[in-house]
Amino acid sequence: MAKERFEFCEFEAEELLFDREYCGVPYWEMLRFIAYHGTFDCRIETNDLIRARRLAGSAHKKSCRTLLLAIKSAWNFHKMPVCDIICFTHTTKQNPKAIFYEGWQMPANVHAIYMKEEVDADRIPWEDKYNLIAPHCKALIQYNICKILGRMPKDPKESEFLKELEDKMRSRFGKSLPAARLEKEIQRWLFESKAFEQYAERLLKKTRCRAISVVCYYQAHMWAIYRVAKKLGIKIVEFQHGMIHYHHEYWFEDRRGKNNDVPDYMLTFGDAHAEWAKLLPSTKVVPVGSPDKEKRLSKLKKIAPNSKTVVVYPEQDEQFEKVLNEFADLATQHGYQVVFKLHPLNAKNISSFFPLLAQNENAHLVSEPADVYFWLQSAVHHVFSRSTVGLEAICFAHTRIYVPQFVLEKGVQFQQLQPLLDNHLAQMFNSAEQLLTLIESPRVISEQEREHFAEAVWKTNARQNVEHFFEELLT
């Protein structure tokens, strides 16, 4: 059982946290991400340090870039045409890595506008035509003016509640972010929420779109857009973009009370995901597959996988990193090369995310090639904990998959790895020595079982499925 996660959800329900408002604005949906991580790991503290370092010598430069991008974005907004659907994505059509919109086409008679959902100026190329930087910039300006003038919105009743909440979380879970840190996040969010709701109303009415599609929902500005879309009766389509886990709280249980802005449609990788997701009746699950996966698999060149290479996909977990660090040394002594394929965001601050591995000369830390399919094809052995890598690995007959047992119990997303174990497609380990033993005596896997499971996890003919869905929805 995902003990920590479910205890946290029980706590949310007991305290009716999704019903709480600060100065009349619901805030828990936005706050729960940092509240959870601030309680059960060091992710928030790490990100705060990284952000402080990044801004230390470039705050003015970034402010200027943000303002210039906002001016350009506002200008492009006024020229924005009427459309059928707005597609929000991490990337845009100008960026070839917009993977959830690659490998398929909108119906010919459907006009789509692609908009980057990112609000970090450092991650928005100047070439992007449409993005959300303008309302973000507006919120920043209003927030800083109020901060300088000492007119920051204050809700005394809720301020006291947050102090009580910190005490309760420390008593129940042993740790919590300070109430002042939580309140600061809420106050910043008040300006973001208002700015994005105003922008979303103008955007959706101006374009007269009938639907929006979203890749990454769990961002503060997207919550505001969801609320407005619901109010205007605009359909919301969400793509599954990874493992079903605690970011998508409505995927496995609903504890959000009246603030319940869930999508109308959830497009999943396959039938198995539709079974794993416990969505509300108001959301229709549509298994479509992954056009991007099928496209990339079709382009792979045939190479012989190396049985002496172990590829590890590390996650920020202290115990996991310690075992992996020991394994890198042990495996190297036995003639293996241990490659750590890093997430692009982790690769920029390796020492912050993986302090032990960063100092280990036997741990080969790489971020390129970025395509995980290159690594799945080129090596036999793959170690991971919570990404979709394990599910993607079963598309290759030669792969052997290993999952840390101690991580398996830490969150909802890990429970989806259990079918890999139940179908004898993955093996568990608890130590570096045990992992090496498993690798040196790899399990024989039934090809029939592998293919059957792959079909359940990855629906075939993904391009046709996605195109058919949008054709039915919009024409």
Worksheet item: Within the distance-only criterion (no hydrogens, no angle test), does the side chain of Asp271 pair as donor or acceptor with the backbone N or O of Ala456 below 3.5 angstrom?
Response: no
Response to the item:
Between the NE2 atom in His398 and the CD1 atom in Ile445, the distance rounded to the nearest 0.5 Å is 11.0 Å
Item to complete: Output the distance between atom NZ (Lys72) and atom CG (Asn131), rounded to the nearest 0.5 Å.
Response: 8.0 Å
Discussion item. Do Arg443 and Tyr402 make a side-chain contact, defined as non-hydrogen atoms from C-beta onward lying under 4.5 Å apart?
Written reply: no
Discussion item. If you compare all heavy atoms of Gly335 against all heavy atoms of Lys308, which two are closest, and at what distance to 0.1 Å?
Written reply: O-CE, 3.4 Å
Practice prompt. Could you give me the CA-CA distance, side-chain angles and deciding distance for His273 and Gln240, then say whether side chain to side chain donor-acceptor pair (under 3.5 Å) is met?
Written response: CA-CA 9 Å; His273 299 278; Gln240 179 181 354; 3.1 Å; yes
Worksheet entry | Minimum heavy-atom distance Val389-Leu376, with the two atoms named | CG1-CD2, 4.0 Å
Worksheet item: Any idea which heavy atoms bring Trp458 and Leu391 closest together, and the distance?
Response: NE1-O, 2.8 Å
Worksheet entry | Lys147, NZ: over 12 other non-hydrogen atoms inside 6.0 angstrom | no
Worksheet item: Does some side-chain heavy atom of Glu192 sit less than 4.5 Å from a side-chain heavy atom of His136?
Response: yes
Practice prompt. Pick out which of Tyr265, Phe269, Tyr101, Phe469 makes a ring pair (Phe, Tyr, Trp, His ring centres under 6.0 Å) with Phe239.
Written response: Tyr101
Item to complete: Report yes or no: does Ser378 contribute a side-chain atom to a donor-acceptor pair with the main-chain N or O of Phe374 at less than 3.5 Å?
Response: yes
Discussion item. Assess whether a salt bridge exists between Glu294 and Arg463, defined as any Lys/Arg side-chain N lying under 4.0 Å from an Asp/Glu carboxylate O.
Written reply: no
Worksheet item: Which heavy-atom pair separates Val380 from Pro305 by the least distance, and what is that distance?
Response: CG2-CB, 4.0 Å
Practice prompt. Mind checking the SG-CD1 spacing from Cys137 to Ile141? Nearest 0.5 Å is all I need.
Written response: 4.0 Å
Worksheet item: In this structure, which one of Tyr226, Phe196, Tyr199 forms a ring pair (Phe, Tyr, Trp, His ring centres under 6.0 Å) with His221?
Response: Phe196
Discussion item. Between Phe327 and Phe429 (judged by ring centroids, cut-off 6.0 Å), do the two rings come close enough to count as a pair?
Written reply: no
Worksheet item: Just by distance, do the side chain of Asn465 and the backbone of Val288 share a donor-acceptor pair under 3.5 Å?
Response: yes
Practice prompt. Could you tell me whether Trp75 atom CH2 has more than 12 heavy atoms of other residues or ligands within 6.0 Å of it?
Written response: no
Practice prompt. Hey, could you give me the OG/NZ distance between Ser298 and Lys293, rounded to the nearest 0.5 Å?
Written response: 10.0 Å
Worksheet item: Is the shortest heavy-atom distance from the side chain of Leu300 to the side chain of Arg296 under 4.5 Å?
Response: no
Worksheet item: Does the pair Met115 and Met80 meet the rule for a side-chain contact (heavy atoms from CB on, under 4.5 Å), with working shown?
Response: CA-CA 11 Å; Met115 178 173 284; Met80 192 177 290; 3.7 Å; yes
Discussion item. Could you measure the distance from the CE atom of Met266 to the OG1 atom of Thr283? Nearest 0.5 Å is fine.
Written reply: 6.5 Å
Discussion item. With side-chain contact (heavy atoms from CB on, under 4.5 Å) as the criterion, how do Lys61 and Arg65 come out once you've worked through the C-alpha distance, each side chain's angles and the decisive distance to 0.1 Å?
Written reply: CA-CA 6 Å; Lys61 183 179 178 181; Arg65 179 175 172 79; 5.9 Å; no
Discussion item. For the backbone of Val228 and the side chain of Glu197, can you confirm whether one donor and one acceptor N or O come within less than 3.5 Å of each other?
Written reply: no
Worksheet entry | Sidechain-backbone polar pair: Glu326 side chain, Ser431 backbone, donor-acceptor under 3.5 Å | no
Discussion item. Has Glu467 got a side-chain atom pairing as donor or acceptor with Gln105's backbone, closer than 3.5 angstrom?
Written reply: yes
Worksheet item: Taking all non-hydrogen atoms of both residues, which atom of Pro287 and which atom of Lys459 are closest, and how far apart?
Response: O-CD, 3.2 Å
Worksheet item: What residue among Val339, Val372, Leu342 forms side chain to side chain contact (heavy atoms under 4.5 Å, CB included) with Tyr313?
Response: Val372
Discussion item. To the closest 0.5 Å, what do you measure between CG (Leu132) and CG (Leu203)?
Written reply: 8.0 Å
Worksheet item: Is there a side-chain contact between His452 and Asn423 (heavy atoms, below 4.5 Å)?
Response: no
Worksheet item: What heavy-atom pair brings Leu357 and Leu324 nearest, and what distance separates the two atoms?
Response: CD2-C, 4.3 Å
Fill in: Trp375 side chain reached by Thr309 side chain, heavy atoms, under 4.5 Å
no
Discussion item. Test side-chain contact (heavy atoms from CB on, under 4.5 Å) on Asn144 and Phe191; report intermediate values, then the result.
Written reply: CA-CA 10 Å; Asn144 283 296; Phe191 295 93; over 6 Å; no
Practice prompt. List in chain and number order the residues that pass side-chain hydrogen bond (donor to acceptor under 3.5 Å, both in side chains) with Trp28, two or more places apart in sequence or in another chain; answer none if no residue qualifies.
Written response: Glu12
Discussion item. Is it true that, when you exclude Glu361 itself, more than 12 heavy atoms of the residues, nucleotides or ligands shown sit nearer than 6.0 Å to its CD?
Written reply: no
Response to the item:
Residue set satisfying salt bridge (Lys or Arg N to Asp or Glu O under 4.0 Å) with Lys175, at least two apart, ordered chain then number -> Glu45
Item to complete: Answer whether the closest heavy-atom distance between the side chains of Lys295 and Trp104 falls below 4.5 Å.
Response: no
Worksheet item: With a 4.5 Å heavy-atom cut-off, do Ile439 and Arg400 have their side chains touching?
Response: no
Worksheet item: Is any side-chain heavy atom of Pro442 less than 4.5 Å from a side-chain heavy atom of His381?
Response: yes
Worksheet item: Is the count of non-hydrogen atoms from other residues, nucleotides or ligands lying under 6.0 Å from His468 atom NE2 greater than 12?
Response: no
Fill in: NZ/NE/NH1/NH2 to OD/OE distance under 4.0 Å, Glu318 and Lys322
no
Discussion item. I'd like to know whether Met169 forms a side-chain contact (heavy atoms from CB on, under 4.5 Å) with Phe11, so could you lay out the CA-CA distance, the side-chain angles of the two residues, the decisive distance to 0.1 Å, and finally the verdict.
Written reply: CA-CA 9 Å; Met169 291 176 72; Phe11 179 75; 3.6 Å; yes
